[in-house]
2 protein chains.
Amino acid sequence: MTAPPDDLATRGTVDAETPLAHHPAGHKDELRLWLRLLATANLIEGEVRRRLRAAFHTTLPRFDLLAQLHRAGGALTLGEISRRMMVSNGNITGLAARLEAEGLVERRVSEADRRAQWLRLTPKGRREFSRQSAAHEEWIAEIFAGLAEEERAALFRLLARAKQSAQAALAEDTA
Amino acid sequence: MTAPPDDLATRGTVDAETPLAHHPAGHKDELRLWLRLLATANLIEGEVRRRLRAAFHTTLPRFDLLAQLHRAGGALTLGEISRRMMVSNGNITGLAARLEAEGLVERRVSEADRRAQWLRLTPKGRREFSRQSAAHEEWIAEIFAGLAEEERAALFRLLARAKQSAQAALAEDTA
DNA sequence: GCCGAACAGTTTAGGCTTCAACTATCCGCG
DNA sequence: CGCGGATAGTTGAAGCCTAAACTGTTCGGC
């Protein structure tokens with residue numbers, strides 16, 4: 001357990017010489033907020049992954065992809081799916097391949113644009129997703145059952161604000 | 001395996017004054033809340049990953065492990081790190097190996113318990129983490145800059161409630 | 001003293017994810 | 001027409017992550 005406390009580089013990194021900033025040492029709150037947001041999301045996500053695996057031998061990305069097709073109500077191109085899931089292109093290639101191998105989705109090359117491929121649920125895929133989706137909704141409800149409705153509403157609203165704030169920072173970064 | 005479908009409405013959350021916009025077992029609100037929580041966390045996490053890579057050629061898990069060692073102020077065993085980071089054991093094996101190969105951490109077999117290994121920052125590791133940590137804190141502050149202080153406080157509190165609720169659901173699941 | 005349970009860490013197999021380089025196709029414009 | 005830039009998707013390398021099986025060590029009880 002014992003180790004010499006270092007104190008070489010650890011102190012004096014930030015708060016030593018900030019020239020008249022508004023909050024000289026004031027970014028710790030944001031950090032704690034972020035760590036808690038991350039921990040909460042990871043906790044829930046991990047549990048959902050475990051249950052998807054235990055109950056249906058599937059994974060969250062697979063479930064997500066089926067959900068996108070279900071929500072779209074028809075076929076989507078791989079590119080459109082990757083945009084909606086906010087993941088890379090190459091990611092969808094492998095994911096779609098696995099789902100196709102399981103017989104849950106079908107692929108067809110677009111006739112209008114021979115670069116593109118349409119993906120859609122098979123009947124089996126629809127059945128599977130239907131079962132998974134119902135269970136998933138129950139799990140989520142269970143996980144958030146400890147919050148009162150007004151707490152959930154407030155959290156929902158604040159998350160929108162946080163997302164908005166983050167997107168602003170992202171845009172600024174790219175600019 | 002699935003819980004009885006009731007019991008949520010009986011907690012006095014929904015039935016008080018639902019403006020009949022939903023089905024009897026309408027868990028859609030919780031689902032939307034979860035999707036937004038996940039999207040927000042993923043958005044920010046992705047941006048942090050990109051910046052860590054661009055600015056320091058490193059990754060979030062590496063940074064996290066260094067942060068754990070820094071926060072502990074000394075050496076930690078691999079098992080203790082895996083508990084604090086809430087990831088699996090085998091995960092830390094590889095992560096620690098990569099950080100050791102980069103000269104950022106040092107390993108030593110415990111003398112008291114020859115199964116265990118102590119991990120601690122090297123001087124180089126301390127220097128690196130110090131630089132990364134300062135930038136990281138700035139990024140997070142920037143990302144949450146769009147929220148007023150009272151919004152951040154409210155969000156912080158509600159996330160604690162959500163985490164608590166999720167943990168209760170988890171515990172019930174294992175029981 | 002010994003045995004079995006618990007524990008620390010490693011390994012393996014499989015999956016997810018990104019980035020970057022690549023192929024094939026499309027489309028606008030000269 | 002034909003060329004060059006954009007676009008759709010694939011591939012490969014690298015890393016992250018888990019669950020499960022495994023090795024070696026410790027420790028409590030008999």
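Residue numbers begin at 1 in each chain, while the letters A, B, ... track the order of the sequences. Atoms considered below: every heavy atom in the structure, side chains included; atoms not considered: hydrogens, waters and symmetry mates.
If you check every strand for non-hydrogen atoms under 4.0 Å, A:Ser82 touches nothing. Contacts of A:Gly79 with the nucleic acid, taken as non-hydrogen atoms under 4.0 Å apart, involve only primed sugar atoms and P, OP1 or OP2.
A rotation axis mapping the C1' atoms of four pairs onto the next four is fitted at both ends of the helix from C:dG1-D:dC30 to C:dG30-D:dC1 over five pairs, and the angle between these axes is 0° to 10 degrees.
For A:Arg131, the side-chain hydrogen bond (donor to acceptor under 3.5 Å, both in side chains) partners at least two apart in sequence or on another chain are A:Glu128. Under the salt bridge (charged side-chain N to carboxylate O under 4.0 Å, His left out) criterion, A:Glu100 pairs with A:Arg107, sequence neighbours left out. Residues forming a ring-ring contact (aromatic ring centres under 6.0 Å, His included) with A:Phe144 (at least two apart in sequence, or on another chain): none. Scanning for salt bridge (charged side-chain N to carboxylate O under 4.0 Å, His left out) contacts around B:Arg53 gives an empty result, with sequence neighbours left out.
The ring-ring contact (aromatic ring centres under 6.0 Å, His included) contacts involving residues 96-135 of chain A comprise A:Phe63-A:Phe129, A:His70-A:Phe129, where partners must be two or more places apart or lie in separate chains. Applying the ring-ring contact (aromatic ring centres under 6.0 Å, His included) rule to pairs touching residues 84-114 of chain B yields nothing, sequence neighbours excluded. Pairs passing the ring-ring contact (aromatic ring centres under 6.0 Å, His included) check and including a residue from residues 71-110 of chain A, sequence neighbours excluded, do not occur.
With DNA chain D read from its 5' end, the first of the two nearest nucleotides for A:Arg53 and A:Glu80 is the one closest to A:Glu80.
Taken to the nearest 0.5 Å, the CD1 atom of B:Ile92 stands 12.0 Å off from the CD atom of B:Gln117.
Regarding B:Leu52, its CG atom lies at a distance of 13 Å from the P atom of C:dC19, rounded to whole Å. The distance between atom CG of B:Leu99 and atom P of D:dG15, rounded to the nearest whole Å, is 11 Å. Counting to the nearest Å, the C1' atom of C:dC19 and the CE atom of A:Met86 are 19 Å from each other. Between B:Arg51 atom CZ and C:dT18 atom P the separation is 18 Å, expressed in whole Å. A:Met85 has its CE atom 14 Å from the C1' atom of C:dT18, to the nearest Å. The CD1-C1' distance, from B:Ile81 to C:dA8, rounds to 13 Å in whole Å. Between the P atom of D:dC17 and the CZ atom of A:Arg50 lies a distance of 14 Å, rounded to the nearest Å. Here the P atom of nucleotide D:dA8 and the CH2 atom of A:Trp118 are 11 Å apart, to the nearest Å.
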Identify the pairs formed between an N or O of the protein and an N or O of nucleotides 13-16 of chain C at a distance under 3.5 Å, and give each distance.
from: C:dG15; atom 1: O3'; to: A:Arg62; atom 2: NH1; distance (Å): 3.3
from: C:dC16; atom 1: OP1; to: A:Thr59; atom 2: OG1; distance (Å): 2.8
from: C:dC16; atom 1: OP1; to: A:Arg62; atom 2: NH1; distance (Å): 2.8
from: C:dC16; atom 1: OP2; to: A:Arg98; atom 2: NE; distance (Å): 2.1
from: C:dC16; atom 1: OP2; to: A:Arg98; atom 2: NH1; distance (Å): 3.4
from: C:dC16; atom 1: OP2; to: A:Arg98; atom 2: NH2; distance (Å): 2.3

Between the protein and nucleotides 23-27 of chain D, list the N/O to N/O atom pairs that are separated by less than 3.5 angstrom.
from: D:dT25; atom 1: O2; to: B:Arg115; atom 2: NH1; distance (Å): 3.2
from: D:dT26; atom 1: OP1; to: B:Arg114; atom 2: N; distance (Å): 3.0

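A salt bridge between A:Arg62 and A:Glu102 is present, with a side-chain N of the basic residue lying under 4.0 Å from a carboxylate O of the acidic one. Residues A:Arg50 and A:Glu45 are not paired through a salt bridge, judged by the lack of any N-O separation under 4.0 Å between the basic side chain and the carboxylate.
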Which donor-acceptor pairs under 3.5 Å do the side chains of residues 153-171 of chain A make with protein atoms, sequence neighbours left out?
from: A:Arg161; atom 1: NE; to: B:Glu151; atom 2: OE2; distance (Å): 2.7
from: A:Arg161; atom 1: NH2; to: B:Gly146; atom 2: O; distance (Å): 3.1
from: A:Arg161; atom 1: NH2; to: B:Glu151; atom 2: OE1; distance (Å): 2.9
from: A:Arg161; atom 1: NH2; to: B:Glu151; atom 2: OE2; distance (Å): 3.4
from: A:Ser165; atom 1: OG; to: B:Ile143; atom 2: O; distance (Å): 2.5
from: A:Ser165; atom 1: OG; to: B:Gly146; atom 2: N; distance (Å): 2.9

Exercise answer: donor-acceptor pairs, residues 80-87 of chain B side-chain atoms, under 3.5 Å, sequence neighbours excluded:
from: B:Glu80; atom 1: OE1; to: B:Arg83; atom 2: NH2; distance (Å): 3.4
from: B:Glu80; atom 1: OE2; to: B:Arg84; atom 2: NE; distance (Å): 2.9
from: B:Ser82; atom 1: OG; to: B:Gly79; atom 2: O; distance (Å): 3.2

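When the side-chain nitrogen and oxygen atoms of B:Arg83 are compared with OP1 and OP2 of C:dG9, none of them lie within a distance under 4.0 Å.
In this structure, of C:dT10, C:dA8, D:dT11, it is C:dT10 that holds the atom nearest to the side chain of B:Thr93.
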